[in-house]
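Just below is one structure, and these are the notes that go with it.
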Amino acid sequence: MNEKLVKAFNDQIRKEIESAYLYLAMAAYFDNQTLEGFAHWMKKQAQEELNHAMKFYEHLNERGARVELQPISLLGKDWSSALEVFKQTYEHEQKVTQSINDLVQLASELKDNAALVFLNWFVNEQVEEESNAQKILTLLERIKDNFAGIMMLDRELAKRE
Ligand code: FEO
């Protein structure tokens with residue numbers, strides 16, 4: 001595997017783990033607000049991000065490339081509302097999509113077909129990731145500070161498998 005792509009995949013492992021860390025911080029915010037459905041949704045999201053990181057890890061490993069973990073940053077800590085949390089979630093997923101697109105571009109320049117096939121899964125996944133965040137954001141924009149609306153959405157989000 002080309003060195004540039006190995007470096008970019010290792011960077012992506014960091015980004016996915018930073019996503020997990022961000023969503024776990026959001027879960028902690030919601031748990032603190034006793035919005036357990038929202039917290040549950042974020043915990044599931046954090047687990048998904050760790051799975052994404054592991055996919056990159058295994059791909060490097062399978063191709064005999066070295067996984068090199070990096071220090072991670074906490075991308076958010078305090079929010080003033082569920083609306084603010086989901087604004088950041090949606091914007092964050094858009095950044096991740098950009099990052100996946102950059103990887104596709106690089107793999108394509110390097111004519112690395114195995115990486116391209118692997119990345120295809122992430123291209124589709126990001127469509128879903130953005131859509132999930134955007135739907136909840138749209139609902140929150142309509143609900144605003146309406147307590148009954150927030151509680152109803154909390155019950156919905158508690159159902160995430
Ligand atoms: Fe790993 Fe939410 O994208």
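Indexing begins at 1, ligand by ligand and atom by atom, following the structure's order.
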With carbon and hydrogen excluded and only N/O/S kept, which atom of [X] is nearest atom 1 (Fe) of ligand 1?
X	value
Glu49	OE1
His52	ND1
Glu16	OE1

Within Glu48, is some N, O or S atom less than 2.8 Å away from atom 2 (Fe) of ligand 1?
no
So, His59 versus Trp121, ring centres under 6.0 angstrom or not?
no
Is it the case that the ring center of Phe118 lies less than 6.0 angstrom away from the ring center of Phe9?
yes
State whether Asp11 and Lys15 are salt-bridged, where the test is any N-O pair (Lys NZ or Arg NE/NH1/NH2 against Asp/Glu carboxylate O) under 4.0 Å.
no
One thing to verify: whether Asp112 and Lys4 come together as a salt bridge, which I'm taking to mean a side-chain N less than 4.0 angstrom from a carboxylate O.
no
What's the OE2-atom 2 (Fe) of ligand 1-OE2 angle here (Glu93, Glu129), rounded to 10 degrees?
110°
For the residue pair Glu84 and Gln88, confirm or rule out a side-chain donor-acceptor distance under 3.5 Å.
no
